[in-house]
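Quick note on labels: first sequence line is chain A, next is B, and so on, each numbered from 1. This one's a predicted model, so the numbers in the text were calculated from it and none came from an experiment.
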Number of protein chains: 2
Amino acid sequence: MELNIRKKKILEVIIRDYINTAEPVGSRTLSKRCNLGISPATIRNEMADLEELGFLVQPHTSSGRIPTQQAYRYYVDEIMEIQKLEKMIRTDIHRGFLDHNTELGPTMSHTAQVLSQLTNYTAVVLAPRVTNFNCKHVQIVSLIKNRVLMVVVTQEGMAKNIEVTLSQEVDTMLALKLSNVINGFLKNTILSEMSSDLIDQIQELSPAESKLIHEIIPHLKKALMEDASEVHSTGLTNLFNYPEFSDVNKIKQLINIVQEKQVLSEMMTSKDGNQVIRIKIGSENDNENLKDFSIITSTYELDGEMMGAFGVIGPTRMNYDNVSSVLNYIRNELNLHISNLLMK
Amino acid sequence: MELNIRKKKILEVIIRDYINTAEPVGSRTLSKRCNLGISPATIRNEMADLEELGFLVQPHTSSGRIPTQQAYRYYVDEIMEIQKLEKMIRTDIHRGFLDHNTELGPTMSHTAQVLSQLTNYTAVVLAPRVTNFNCKHVQIVSLIKNRVLMVVVTQEGMAKNIEVTLSQEVDTMLALKLSNVINGFLKNTILSEMSSDLIDQIQELSPAESKLIHEIIPHLKKALMEDASEVHSTGLTNLFNYPEFSDVNKIKQLINIVQEKQVLSEMMTSKDGNQVIRIKIGSENDNENLKDFSIITSTYELDGEMMGAFGVIGPTRMNYDNVSSVLNYIRNELNLHISNLLMK
DNA sequence: TATTAGCACTCACAATAATCGAGTGCTAAC
DNA sequence: GTTAGCACTCGATTATTGTGAGTGCTAATA
């Protein structure tokens, strides 16, 4: 859908204004704000056209107009240009990361913190995942009697704990031996290909030990399949200040979103073209609870491999420009620091 | 403060009624509800007395009366008796725990789930802590280059991860050796007593290894000092249904409480006499955000040693009877299952 | 033909007034 | 000591009225 230049300009001003004020925009106000030198009457005609085209609606006759989701989509696709962040803010962010890049956990929470602070919306950050594919090393630690902890270490140097109860008691020595067996195996192939048959071929195992390995492997596989990557969220209460969230039900929806970590995680890591910054507006979201929100996400990488995701949840009346700029810069920072952190 | 029997009865009925309805209680309604065969006028006189004594207030002249915090305190101390839960509910809870007692984490989240479901308030559960004192075993796992993971295992068979970056690269073999040194030490004493001098006395270490141990020990001590016990919370949105929480600011307070895990954890584990069920009403709470809430907590033990805590946050107009009964029973269940889980 | 001034009309919102009713305190009788 | 009766209070609800920012339409204008 192509709009003529004037319509485009008018739409832009309306959207910008509504994003700032949350108030329906009328022709008179608009005439002052946009310096096209056209009268309210003309603007009224244009607005009527834009309404017919589906870009605007009136909350009630005789009020100003507000943008539809279609308008936001048009704005994001055709009008908005992602600006570079101000130099000062950039250096601020950069310094902040330098102060928090000692460990993975703190880096993640710091990212969430910065995101919510800079955007004034709710931030969500997904920590890197530990999966079947990047599992490099497994250390089995005896906990007590027949309970053991399996520590899975990835190629990138992340770790994940898996606790299980086995059929037999495992002491420190046995735990060490079991670890060695599994790690010997991991030298040649990935975990998901470790089948029952392959286990039986391992020579050095007593029947009891073999039985234990047979118990352990499925547990490992299962735990690594589950997308249990940590989700950090901050600034939940930021949204409370916006007029559209004075309704308790909206807040309930928001809390439900943030608590359904599984869903959130899947949504943020699913591919969507080759977009670096991914914008989902209102009902473009599959999740029912997100129908009244917009969510802008991005991902961070290590060696070209997607490690995790992060983003911002806000009203559909979101400051798409600013959030996009912020995400864009944070993405670079995160890529930089994660690689420093994990590969150094 | 002692009240005569009639006053006590009247106060009780008012509190019960207000807890149910959240509406100020008037003399007429009351006269019907409590079967003492006294007229509204008499009740009015008694209510005037109770107001003078500080147990009741009127939101405005010519409305019914509502209980003060002092009234709730009196109710909790002098009137309420903790009932045994219904047989059916008890067996339900018990079965639920049997289905979820395979691992510690799930048991904790399940507890939170049950609590919030049975009470309709917000539930908080503190997982057992790993500290200097119960630390039995430390396993050092090489992550990547000079980053290692220290897995601390307690006497009770719980584990905690601590990630650190050291000054030198540590490979698998070295990690094993360092683990052995520390564990050899832990056989005789507790971690907090491992001083610099003692480290220097260990014979089998090369200078480089000694240096690493010198780095590791403070990290361990520090991490175990921090009260970083996991906090599970559920049923945040339960409170939204109560009329006193239609105000967004109240909700903000609640969210702040639940997010300040450190504070919550300290508050719940601090001793308070020998009370099994601890009730804090409104401003009895030190935390500013909790001034408008009541919180009822309890603890669970293993071998007489406090392991963790759990509780419920709700309006001061809370159903103290029911919550106390539930906590009481959950406490027993938790004691039972935790000991099964950790010691079996 | 596109633009604009003018005008009658609409309708949410705020302010004001009227009504209602559950509740009170007080007094006098039981 | 208890209670019936009564005048009174005051928040909540509903009705009424303005107000003003906005509209669409029409006719004049460039």
In 5'-to-3' order, the base (B), backbone-only (S) or no-contact (-) status of each nucleotide in nucleotides 16-30 of chain C, using a 4.0 angstrom heavy-atom cut-off, is -------BBB-----
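Surrounding CZ of A:Arg73 are more than 12 heavy atoms belonging to other residues, nucleotides or ligands, all under 6.0 Å away. Counted within 6.0 Å of NZ on B:Lys9, heavy atoms from surrounding residues, nucleotides or ligands total 12 or fewer; the atom is thus considered open.
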Query raised in the report: After noting the C-alpha distance and the side-chain angles of B:Asn287 and B:Glu260, does the key distance pass the side chain to side chain contact (heavy atoms under 4.5 Å, CB included) rule?
Result: CA-CA 11 Å; B:Asn287 188 306; B:Glu260 283 180 25; 3.7 Å; yes
*For ring pair (Phe, Tyr, Trp, His ring centres under 6.0 Å), just list the numbers for B:Tyr18 and B:Tyr75, CA-CA rounded to whole Å, side-chain angles, deciding distance to a tenth of an Å, and then say yes or no.*
CA-CA 13 Å; B:Tyr18 186 68; B:Tyr75 178 79; over 10 Å; no
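The distance between atom CD1 of A:Ile38 and atom P of C:dA5, rounded to the nearest whole Å, is 12 Å. If you take CG of A:Leu30 and C1' of D:dA21, they are 14 Å apart, rounded to a whole angstrom. In this structure, the CD1 atom of A:Ile43 is 15 Å from the C1' atom of C:dA2, given to the nearest Å.
Taking the ring centroids of B:Phe293 and B:Phe245, they lie under the 6.0 Å cut-off.
With sequence neighbours excluded, no residue satisfies ring pair (Phe, Tyr, Trp, His ring centres under 6.0 Å) with B:Phe240.
The side chain of A:Ser39 contributes no N or O atom lying less than 4.0 Å from OP1 or OP2 of C:dT3. Put simply, B:Arg6 has a side-chain N or O that comes within less than 4.0 Å of OP1 or OP2 on D:dT2.
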